[in-house]
Amino acid sequence: MAARDTAHPIALDTETTDLNPFKAELVGMGFCWGPGPADLAYLPIGHHPPMAADLLSAAPEAPPQLPLAAVVSALAPWLTSPDHPKSLQNAKYDRLILLRHGLALGGVVMDTLLADYLRDANAKHGLDAMAERNFGFTPTSFSDLVAKGANFASVPIEVAALYCGMDVHLTWKLTQLLGRQLQDLGEALTPLLREVELPLEPVLAAMEATGIRIDIAYLQELSAELLATLTALEAQAKEAAGSDFNLASPKQLGELLFDTLGLDRKKSRKTKTGWSTDAAVLEKLEADHPVVPLVLEHRTLSKLKSTYVDALPALVEPETGRVHTDFNQAVTATGRLSSSNPNLQNIPIRTVFSRRIRKAFLPQEGWHLISADYSQIELRILTHLSGEAVLVNAYQQGDDVHALTARLLLEKENITPDERRLGKTINFGVIYGMGAQRFARETGVSQAQAKEFLSKYKQRYPKVFAFLELQERLALSQGYVETILGRRRPFPFDPNGLGRLRGKDPLAIDLEVARRGGMEAQQLRAAANAPIQGSSADIIKVAMVQLHHRLESTGLAARLLLQVHDELVLEAAPEALDAVVTLTRETMENAVTLSVPLVVETGVGPNWMEAK
DNA sequence: ATAGTCACG
DNA sequence: ACGTACGTGACTATA
């Protein structure tokens, strides 16, 4: 059990009563320090006593349980020590459990979940899937161990020890294996794990544990107002339609519009189950029948009511009075985080009404909310990665790049706001591989005009297109693309299809031929986009790690609360506010050094709406 | 469970 | 001739 041996950390696993770390009670802990059957231990802590019926047949003495307080105080020095290396599968969960018992887990040098995510973002990273894949072994599943409705505390200690022992044993074995695998994949992934993903995990745990305050009473008022509006809209829609139908059923709505009312089917398209009635379709039909605008309005408002206004209050933890999202660090293909239960990365903002929902997100009493977001970070990254001199210069001079693009495309000096919007649409569109059709639809110009703009864009910014095309070629020839920190997104093309291009000289690949299939074309756009979206994720992750530590070391009264891809949300005490805003901006802007400056815009307010 | 839809960057 | 803008998560209907 040598300390400081980061190559051979001790695997650790906690067993609890609940998947939700804010509800879970500690039931036991497992340890594994070597490959053998004797290199394992299980500490029972919170198992239920055996049932009376079991006691009659059971051994006279039930296995001893260790009192929680005794375990916590005895293990605290080891659990919190940065000098005793540990490895866990999804350390954030265990960390949150231990945090509730006052323990700050230290010395996590490996997280098998995060390592496997860096190895292959597309793979499944559950312990069961990894055991199957690497060792051809299927561990007992949790659901086979614990009856429905019961929890781990009801599992007998001897059984729990075997189950937990297997989990920590697998974690130990995977620790060794994944450490080697990441090294074999090149120079970048081990530092990315050690310097970004592993240090980010406790930052996310802290953000989740803090949570964000929600104004429940205000949301309930909003809910009542929405209910009244929705009820009225529903009655009006049925009146206009001349029939009773479920406004929430796309199937019934499609039948009403295209069968009963005979509206123009050419404005819709076929789905697997009938006619599409999505917002784009309904907008085309808006003037054709009075029911359509009513349905559109109803759709928007009922979405907001069910997904946010009614859902959020139910997710407030009674213990803390705040909502604690789950930031998932190992789900997206590109390296971004995702957020769930609730998803706080898709809180409405775009419409006037939806902005009212943001007013429900509050700082701690007496504090301020801060929002800090990267300005045009993806376009800056594309500029940096492509080295397109016109754009590099523009960003270095602090010019308005959307206006610049509009001037270049329209070949005139003075640009109207509408024309600038055209530049913005095309600047962002190229990041996603937008075609002329979509560009025309977004901006209202003709398809021919859109085609001309795109080819002009290509002439003016040739390096942008060379870069994007190179990513497609790399996806085909090497099977993956990379971000600035070396994060990979694999593209496992079928060897009988585009996979046959593996190993070829990337510049010799005929992209037009490769792009012919629908699915393949989509994959190639994703390949061009991944280094941009993924590098943005790299940068904000570095900023979060640095900012969290700087807030701690300076002792400023402020906490990171949320990350929304290019935005950080914090709360700060009034006396710390100015210092925190400055520290946040400077940390985000200097997280990495590119050929173009990174610019962060900040706002402060009494709620999330007013902080933006 | 899957499909359709829609909220966000 | 078609469909073509990347990445997510949640809700409702429907099977």
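Residue numbers start from 1 in every chain, and the chains themselves are labelled A, B, ... in the order their sequence lines are given, proteins ahead of strands.
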Taking atom P in both B:dG9 and C:dT4, what distance in whole Å separates the two? 23 Å
Atom CG of A:L385 and atom P of C:dC6: how far apart are they, to the nearest Å? 19 Å
Side-chain donor-acceptor pair under 3.5 Å between A:E201 and A:Q329, yes or no? no
Using a heavy-atom cut-off of 4.0 Å across all strands, would you classify A:A333 as base, sugar-phosphate, or nothing? sugar-phosphate
Name the closest nucleotide to the A:S340 side chain, picking from C:dA15, C:dG9, C:dT8. C:dG9
Using the ring pair (Phe, Tyr, Trp, His ring centres under 6.0 Å) rule, collect all pairs that involve residues 262-305 of chain A, keeping only residues at least two apart or in two chains. A:F258-A:W275
Just how far, in rounded Å, is P of C:dT12 from CD of A:E234? 14 Å
Among residues at least two apart in sequence or on other chains, which ones pass side chain to side chain contact (heavy atoms under 4.5 Å, CB included) with A:N20? A:D18, A:F22, A:K23, A:E317
Would you kindly say whether A:R299 and A:T277 are connected by a side-chain donor-acceptor distance under 3.5 Å? yes
Watson-Crick or G-U stems involving DNA chain C, each at least 3 pairs long, distances under 3.5 Å, ordered by first number: B:1-9 with C:6-14
Set of residues satisfying salt bridge (charged side-chain N to carboxylate O under 4.0 Å, His left out) with respect to A:D120, sequence neighbours excluded: none
Under a 4.0 Å heavy-atom criterion, the protein footprint on nucleotides 2-9 of chain B, written with B, S and -, is -SSBBBBB
In whole angstrom, what separates A:I381's CD1 from C:dC6's P? 19 Å
Ignoring hydrogens and angles, does a donor from either the side chain of A:R438 or the base of C:dA5 sit under 3.5 Å from an acceptor on the other? yes
Reckon A:N246 touches a base, only the sugar-phosphate, or nothing at all at heavy-atom distances under 4.0 Å? sugar-phosphate
Classify the nucleic acid contact of A:V430 as base, sugar-phosphate or nothing, counting any heavy atom under 4.0 Å across all strands shown. nothing
Between the side chains of A:T383 and A:E388, does any donor sit under 3.5 Å from an acceptor? no
Which residues in residues 470-490 of chain A have a heavy atom closer than 4.0 Å to any atom of DNA chain C? A:R489
Output the rounded distance in Å from CD (A:Q522) to P (C:dA5). 10 Å
Could you give the distance separating B:dA7 and C:dG3 at their C1' atoms, to the nearest angstrom? 25 Å
Name all pairs fulfilling the side-chain hydrogen bond (donor to acceptor under 3.5 Å, both in side chains) condition that reach into residues 429-441 of chain A, sequence neighbours left out, sorted by first residue then second. A:R438-A:E442
What is the distance from CD of A:Q523 to P of C:dT4, rounded to the nearest Å? 15 Å
Just to verify, what does A:Q220 make a side chain to side chain contact (heavy atoms under 4.5 Å, CB included) with, not counting sequence neighbours? A:I216
Distance, rounded to the nearest Å, where A:F439 contributes CZ and C:dG3 contributes C1': 19 Å
Results of salt bridge (charged side-chain N to carboxylate O under 4.0 Å, His left out) for A:E286 - residues two or more places apart only: none
Set of residues satisfying side chain to side chain contact (heavy atoms under 4.5 Å, CB included) with respect to A:D510, sequence neighbours excluded: A:E512, A:V513
What's the CG-P distance between A:L379 and C:dC6, to the nearest Å? 18 Å
Taken in chain and number order and not counting sequence neighbours, the residues that satisfy side chain to side chain contact (heavy atoms under 4.5 Å, CB included) with A:V600 are A:A372, A:Y374, A:R585, A:M588, A:E589, A:T602
To the nearest angstrom, how far is A:R515 atom CZ from C:dC6 atom P? 13 Å
For residues 339-355 of chain A, which residue pairs pass the salt bridge (Lys or Arg N to Asp or Glu O under 4.0 Å) check, not counting sequence neighbours? none
